[in-house]
Amino acid sequence: MNDLITSVNDAVWGYVLIFVLVGCGLWFTFRTRFVQFRMVGEMLRLLTDSAVDTVGSQVKDTLDKDAGQTPSKPKRISSFQAFAVSVATRVGTGNLAGVASAIAIGGPGAVFWMWVIALVGSATAFVESTLAQLFKRKHKDSFIGGPAYYIQQGLHQRWLAITFAVLITCQFGLSNNSIQANTICDAMHEAFGWSPMWVGAVIAAIGLFIVFGGIRRIAHVSSVLVPVMAVGYMVLAVVVIVMNIEQIPNIFRIIVLDAFGIEQIAGGGIGATIMNGVKRGLFSNEAGEGSAPNVAATASVSHPVKQGLIQALGVFTDTLLVCSCTAFIILISGLYTDPKANGIALTQSALQSEVGSVGPVFVALAILLFAFSSIIGNYYYGEANIRFITNNRAVMTVYRFSSAGLMVMFGAYASFELVWNIVDFFMAFLTACNLIAIVLLGRYAFRLLDDYRRQKRQGIKEPAFHRSQLPELENELECWE
């Protein structure tokens, strides 16, 4: 079974999806006039303002409750919280185990192709998240949306929307969580010798408690965990890089030469280098996969472009910062040439060679936070899409136990190769489905971006959107009154 899945993955990834994924990224980059580069300053402003507003709102609600008053504003998912949840699913095993796997199999040049897919993919991330905001729907005390919703509302193809909903549930809610659990268990066993059975059981128990709390609990947990885990890991990585600063120019040389097959140091030929770089890059930053739009749609913003810009920034945060830190640590150590080293064990060994025995322990704790936050974020992607298909409570209950319980335990016992092959299989078809939709609907994201830029040129600090600005869609847009 594992060999069959591997053959299908190689065929799909090697001959079709890589070119389509990069091609779409380039098209969106040119069509948005390089939005991911020209508007970085606006991205940072929006994220900073949202973070400040989120903290201020939480403090005020606490004071109101202490005074026996009802909070003045209805509960909403802030732009920053939506960003945190999406980064929680991005910043995880893909950054530690995925990068190590790409380098071990494809060589150092895979890092270059991870950078490429991030640079062009951030434009794709902007388009899909802007569309998710545009077509979002009202749902209790927050919003709900994503590719399934913009496929149905924008393309009027429910069969394609249901296909996407099923694929993303299988990919994120189920198989992706098995990878997170697999990586946590491997890291804990490597560092402390703990049994995968007990580690998996504890993760499943905590995960089930959180996922039964809904998106607001997920958003709150992620907004606390993500900054802590990302900053802590990057501080250690920077320390290692500074300690070996004289090697950095040579590391860049190795990456670039290996990327084009000029100097093959490890792994296969240039095909394997590109394929593994793109696959692991997409798994890490998710640009074009259709996952981040599900949580981007939950944010309460005045204009769809705002969340599109913030989600584009998330791609940079994930790949250009966190993934690069892992890559530099591994390449500095030189251990990637060992054919037996792979996955999280390679990252742990690389850190151990640089900072001593504390390295594997730190990675184990970091991956616990990284992967656990990914588990609860992945769960939400499945929940949102199951609700798109049905509101049956029994179905949702079965899914919750399967996502945070059964698949976590499966990942604890399954092999490294099997869980990654299953994820690659679903990821290929999921991405293809989403790319079809955003290429057909991309014109609306381009018009929204033009409107946002026009309002900014007029001196409006916080542009706003009204559904009457897109009269052909006015009856399809529920949330832009």
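None of the values given here were measured: they were computed from a predicted structure. For reference, positions follow the sequence shown, starting with 1. What you see below is based on every heavy atom in this structure, not just the backbone, and it leaves out hydrogens, waters and symmetry mates.
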Q) Is the closest side-chain heavy-atom distance between F135 and L473 below 4.5 Å? A) yes
Q. Can you tell if the side chain of L119 reaches within under 4.5 Å of the side chain of V315, non-hydrogen atoms only?
A. no
Q) Counting distance only, does the side-chain N/O of K138 pair as donor-acceptor with the main-chain N or O of I144 below 3.5 Å? A) no
Q) Regarding E42 and Y452, is there a side-chain donor-to-acceptor distance under 3.5 Å anywhere? A) yes
Q: Nearest 0.5 Å please: distance from the CD1 atom of I438 over to the OH atom of Y444.
A: 15.0 Å
(Q) Under a 3.5 Å threshold, yes or no: a donor from one side chain and an acceptor from the other, between Q307 and Q133? (A) no
Q: Grab the two heavy atoms, one from A148 and one from A161, that are nearest each other, plus how far apart they are.
A: O-CB, 3.3 Å
Q) Hey, what do you get for CD1 (I168) to CE (M427), rounding to the nearest 0.5 Å? A) 12.5 Å
Q) Excluding sequence neighbours, so at least two apart, what forms salt bridge (Lys or Arg N to Asp or Glu O under 4.0 Å) with E474? A) none
Q) Does the salt bridge (charged side-chain N to carboxylate O under 4.0 Å, His left out) test come out yes or no for R443 and E472, once each step is laid out? A) CA-CA 13 Å; R443 63 187 184 277; E472 68 272 33; over 6 Å; no
(Q) Is any side-chain heavy atom of V116 closer than 4.5 Å to one of F112? (A) yes
Q) How far apart are the C-alpha atoms of F465 and V301, what are their side-chain angles, what is the distance that settles it, and do they pass the side chain to side chain contact (heavy atoms under 4.5 Å, CB included) test? A) CA-CA 10 Å; F465 171 75; V301 294; over 6 Å; no
Q.
Please report the interatomic distance CZ(F172) to CG(L167), rounded to the nearest 0.5 Å.
A. 11.5 Å
Q: Give the minimum heavy-atom separation between S302 and P463, together with the two atoms involved.
A: OG-O, 2.7 Å
**Q.** Minimum side-chain heavy-atom gap F316-Q36 below 4.5 Å
**A.** yes
Q | pair L449-T130: side-chain heavy atoms closer than 4.5 Å | A | no
Q: Check whether the side chains of S324 and W115 place a donor and an acceptor atom closer than 3.5 Å, and report yes or no.
A: yes
(Q) Can you see whether F388 has R137 sitting over its ring - NZ or CZ less than 6.0 Å from the centre and within 45° of the normal? (A) no
**Q.** Pair N177-F410, side chain to side chain contact (heavy atoms under 4.5 Å, CB included): steps then yes or no
**A.** CA-CA 9 Å; N177 275 355; F410 169 77; over 6 Å; no
Q: Using only heavy-atom distances, determine whether the side chains of E289 and Q171 contain a donor-acceptor pair under 3.5 Å.
A: yes
(Q) Within the structure provided, determine whether V40 and L44 are in side-chain contact (heavy-atom separation under 4.5 Å). (A) yes
Q | Distance-minimising heavy-atom pair for A165 and I389 | A | CB-CD1, 3.7 Å
Q: Using a strict cut-off of less than 4.0 Å between a Lys/Arg side-chain nitrogen and an Asp/Glu carboxylate oxygen, indicate whether E478 and R467 qualify as a salt bridge.
A: no
Q.
Tell me the closest heavy-atom pair linking A297 and F143, and the distance in Å.
A. O-CB, 3.4 Å
Q) Side chains of Y149 and N385: donor-acceptor distance under 3.5 Å anywhere? A) no
Q) Under a 4.5 Å cut-off applied to non-hydrogen side-chain atoms, are P293 and L131 in contact? A) no
Q: Starting at OG1 of T298, measure out to NZ of K136 and round the result to the nearest 0.5 Å.
A: 8.5 Å
Q) Does S175 offer a backbone N or O that forms a donor-acceptor pair with the side chain of S178 under 3.5 Å? A) yes
Q: Using atom types as modelled and distance alone, determine if a side-chain donor or acceptor of D258 lies under 3.5 Å from a backbone N or O of I255.
A: no
Q: Report the C-alpha separation of L309 and V35 in whole Å, then their side-chain angles, then the decisive distance to 0.1 Å, and conclude whether the side chain to side chain contact (heavy atoms under 4.5 Å, CB included) test is met.
A: CA-CA 8 Å; L309 291 173; V35 63; 3.7 Å; yes
Q) Does some side-chain heavy atom of E128 sit less than 4.5 Å from a side-chain heavy atom of N434? A) yes
Q: Enter the distance from M39:CE to R33:CZ here, rounded to the nearest 0.5 Å.
A: 10.0 Å
Q: May I ask you to check whether Y379 and Y399 place their ring centers less than 6.0 Å from one another?
A: yes
Q) About how many Å separate CG of D424 and CD1 of I179, when rounded to the nearest 0.5 Å? A) 7.0 Å
Q.
Ring centres under 6.0 Å, that's the criterion: do F28 and F126 meet it?
A. no
Q: State, to 0.1 Å, how close S403 and V408 come at their nearest heavy-atom pair, and which atoms those are.
A: O-CG2, 3.9 Å
Q: Return yes if some donor-acceptor pair links the side-chain N/O of W194 with the main-chain N/O of C185 below 3.5 Å, else return no.
A: no
Q. Can you list the steps and then say if F446 with R31 is a side chain to side chain contact (heavy atoms under 4.5 Å, CB included)?
A. CA-CA 7 Å; F446 306 149; R31 191 61 182 80; 3.0 Å; yes
**Q.** Smallest separation among heavy atoms of R453 and R38, with atom names
**A.** NH2-NH1, 3.9 Å
